[in-house]
Amino acid sequence: MDQAGSGWVDVAAFADLREDGMIPVTVGGAPLVLVRDGEIVHALGGKCPHKGAPMEQGTYCRDRSGTPVVVCPWHKAVFSTTGALMEPPALDPLPRHDVRIEAGRVLVAENPAAPPVAPQVKADESVLVLGAGAAGVAGAAALREFGFAGRITLVSDEPDAPYDRTALSKMVLGAKPEELKIPALRPAEWYEANRIERMTARIRSVDHMARRVTFESGETLSADHLLLALGSVARRPDFPGGDLEAVRVLRSAADARAIVDLAGPDKSVVIIGSGFIAMETAAALRKRGTGVTVVARDEAPMRALLGREIGMRLRSLHEQNGVAYLAPAQVVSVEGADTLSVRLDDGFVLRADFVIAGLGAAPATACLDPALRAEDGGVDVDEAMRVLPGVFAVGDIARVAHKGGRVRIEHWRVAQSQARIAARAILGQEASSLPMPWFWTQQFGQKFEYLGWPRAWEGREPEIYDIDGAVSSFDFLAEVRTKDETVGLIGSKQARRIGREAVNPSLVSE
């Protein structure tokens with residue numbers, strides 16, 4: 001590329017830029033993307049700051065307010081054309097380079113522009129963040145991003161530095177021994193640089209009226225604002241033998257390490273359940289060479305979400321990769337020591353070295369006043385994620401209002417979005433609305449994305465119709481419908497289409 005004067009690089013002809021995509025270029029060795037909005041061209045970082053996804057494979061469109069945005073192809077982080085972060089899971093903005101147009105050519109500044117810094121406010125106030133998962137860390141990061149200058153304390157009951165919990169089943173369990181690493185949400189130095197105090201302690205109780213927390217040590221800590229990001233605890237099986245050491249759950253980094261120690265090419269496991277954690281775990285352990293048997297109540301994995309046709313294709317993918325899938329079946333007991341006997345409801349006995357129960361999770365709200373807890377253990381919040389003045393709840397525990405009811409959404413991107421909404425409320429700023437829920441799963445190299453609000457199906461699977469593409473080759477977009485409306489999209493290899501719908505829904509009912 002030609003140098004066009006000091007500090008500027010000629011990268012493209014203006015006439016070659018479309019208004020419906022991103023064009024990759026390189027400036028000073030750094031990958032960038034160009035996006036055109038009428039007569040204006042923006043130059044943004046070419047890799048998502050979350051996991052390094054190539055942004056040119058993502059979506060450039062307008063959101064519900066008409067603002068032009070770019071959407072990461074992998075995890076649907078959203079950025080404005082100024083580079084500002086609008087929706088997680090990224091926690092940082094995209095770099096932005098100045099652009100000028102001369103004689104029909106696009107010139108881009110070699111160095112990125114300095115990001116704006118929010119005015120610093122509320123220096124004499126404090127926020128106590130209870131929980132250091134995706135929601136807790138996103139809340140702390142957003143407070144600093146939006147200008148909160150007071151004290152932030154981030155509390156976790158795990159000794160590990162805050163980490164990406166979603167990576168446990170997607171990457172950690174299947175990693176090679178030399179690559180086994182649990183990815184941190186933020187580097188260690190980030191907490192010090194942003195004046196975020198980390199505290200490892202187990203919570204005994206929370207006095208929400210006084211905004212005071214008592215820890216198991218007897219120590220207490222109060223704050224002007226509480227951000228409850230307590231997350232969930234894995235459900236343990238209640239059948240005989242469910243408490244054996246070799247019957248595991250997967251929720252924490254410690255759980256993942258224990259499972260890795262049990263797994264191996266000469267080992268076998270029975271996985272109970274067919275939700276996305278159970279199926280991701282099955283795929284990951286097969287990568288380690290472990291013999292895997294899934295025991296499920298339904299013949300189609302994830303059927304309540306994916307429907308029968310896509311669920312059965314997922315099952316066949318697992319079976320093609322050596323997973324034994326038994327359904328309909330239930331485990332009624334486990335016994336043994338070195339080798340376990342796993343008894344099913346029809347009397348059949350499986351032999352295994354260990355068992356993993358993928359039975360879902362429950363809100364980790366035992367430390368809260370029962371008056372705050374709903375029947376499912378969650379906590380009701382308003383549109384600002386506020387429980388009551390000075391107290392906010394986000395993530396797995398938060399019950400948001402939707403279509404006349406309350407729903408909890410146990411997905412990490414939603415948890416982080418909720419945390420950013422709460423951070424703005426703490427600062428007295430206008431909050432954005434919660435984006436449509438989105439999550440993804442990757443198994444045996446095939447990725448599914450789901451976009452839509454959860455629904456109670458009353459024991460029936462949703463009708464899936466108008467599949468565009470081929471489920472057999474994992475290249476399709478399917479609408480999920482009730483009788484009256486489209487309530488979700490399921491896609492594979494459809495990152496741009498789902499990215500556009502995620503920020504400006506036209507098909508899916510909100």
Side-chain angles (χ1 to χ4, degrees), residues 1-14 16-19 21-63 67-120 137-138 140-147 184-187 189-195 416 420 499 503:
M1 296 182 183
D2 297 329
Q3 194 72 21
S6 177
W8 294 86
V9 179
D10 183 335
V11 296
F14 178 77
D16 290 342
L17 302 185
R18 305 193 319 261
E19 294 196 56
M22 291 181 273
I23 304 300
V25 298
T26 301
V27 173
L32 304 180
V33 290
L34 302 180
V35 295
R36 178 180 171 181
D37 183 14
E39 299 302 304
I40 300 172
V41 176
H42 304 278
L44 303 170
K47 290 188 178 295
C48 179
H50 174 228
K51 295 289 186 180
M55 291 300 297
E56 73 270 13
Q57 295 178 16
T59 307
Y60 171 51
C61 60
R62 294 183 182 275
D63 67 10
T67 302
V69 297
V70 294
V71 185
C72 168
W74 290 357
H75 305 112
K76 302 300 176 280
V78 182
F79 307 87
S80 78
T81 50
T82 67
L85 175 64
M86 299 182 72
E87 291 295 345
L91 298 177
D92 302 297
L94 271 179
R96 181 188 65 82
H97 292 240
D98 290 331
V99 176
R100 68 189 193 202
I101 311 298
E102 292 184 357
R105 303 295 300 178
V106 179
L107 309 182
V108 176
E110 283 189 288
N111 297 316
V117 178
Q120 300 298 287
V137 172
L143 285 166
R144 291 296 187 230
E145 177 190 345
F146 301 152
L185 286 170
R186 299 267 80 182
E189 59 271 17
W190 178 85
Y191 298 94
E192 182 176 357
N194 286 276
R195 297 180 293 110
Q416 291 173 308
R420 291 175 65 82
V503 298

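Worth saying up front: this structure is predicted, and the values here are computed from it rather than measured.
Not a single donor-acceptor pair under 3.5 Å links the side chain of Glu110 to the backbone N or O of Val27.
Put simply, NE2 on His42 and OG1 on Thr82 are 8.5 Å apart, with the number rounded to the nearest 0.5 Å. Here CG of Leu185 is found 7.5 Å from CD of Gln416. Values are rounded to the nearest 0.5 Å. Expressed to the nearest 0.5 Å, how far CE of Met86 lies from OG1 of Thr67 amounts to 5.0 Å. Interatomic distance, CD1 of Ile40 versus CD1 of Ile101, reported as 10.0 Å (0.5 Å rounding). Distance OH/Tyr60 to CD1/Ile23: 11.5 Å, rounded to 0.5 Å. Interatomic distance, CG of Leu94 versus OG1 of Thr81, reported as 11.0 Å (0.5 Å rounding).
Taking all atoms of both residues into account, the shortest heavy-atom contact from Phe79 to Leu85 is CE2-CD1, 3.8 Å. For the residue pair Arg420 and Ala142, the shortest heavy atom distance occurs at CG-CB, 3.9 Å. The minimum heavy-atom distance linking Val35 with Met22 is given by the pair CG1-CG, 3.2 Å. Gly38 and Phe14 get closest at one heavy-atom pair: O-CZ, 3.7 Å.
Residues passing the side chain to side chain contact (heavy atoms under 4.5 Å, CB included) test with Pro119, sequence neighbours excluded: none. With sequence neighbours excluded, the residues that form a salt bridge (Lys or Arg N to Asp or Glu O under 4.0 Å) with Asp92 are Arg186. Scored by the salt bridge (Lys or Arg N to Asp or Glu O under 4.0 Å) test, Glu39 finds Arg36 as partners (sequence neighbours excluded). Partners of Asp16 according to the salt bridge (Lys or Arg N to Asp or Glu O under 4.0 Å) rule, which considers only residues two or more places apart in sequence or in another chain, do not exist here. Arg105 pairs by the salt bridge (Lys or Arg N to Asp or Glu O under 4.0 Å) definition with Asp10, not counting sequence neighbours.
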Report all side-chain donor-acceptor pairs from residues 43-57 shorter than 3.5 Å, counting only partners two or more places apart or in another chain.
from, atom 1, to, atom 2, distance (Å)
His50, ND1, His75, ND1, 3.2
Lys51, NZ, Asp164, OD2, 3.3

#### Entry: Evaluation steps, side chain to side chain contact (heavy atoms under 4.5 Å, CB included), between Tyr191 and Val137
CA-CA 10 Å; Tyr191 298 94; Val137 172; 4.0 Å; yes
Take Val70 and Val33, measure what side chain to side chain contact (heavy atoms under 4.5 Å, CB included) needs, and give me the verdict at the end.
CA-CA 10 Å; Val70 294; Val33 290; 5.7 Å; no
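Among Val108, Val106, Leu107, the one residue that satisfies the side-chain contact (heavy atoms from CB on, under 4.5 Å) test with Val41 is Val106. The side-chain contact (heavy atoms from CB on, under 4.5 Å) test with Asn194 is passed by exactly one of Arg144, Glu189, Glu145: Arg144.
Few gaps surround CD on Gln120; more than 12 heavy atoms of other groups in view lie less than 6.0 Å from it.
Using a 4.5 Å cut-off on side-chain heavy atoms (C-beta onward), Val503 and Val71 make contact. Residues Thr59 and Pro73 fail the side-chain proximity criterion, which asks for heavy atoms closer than 4.5 Å.
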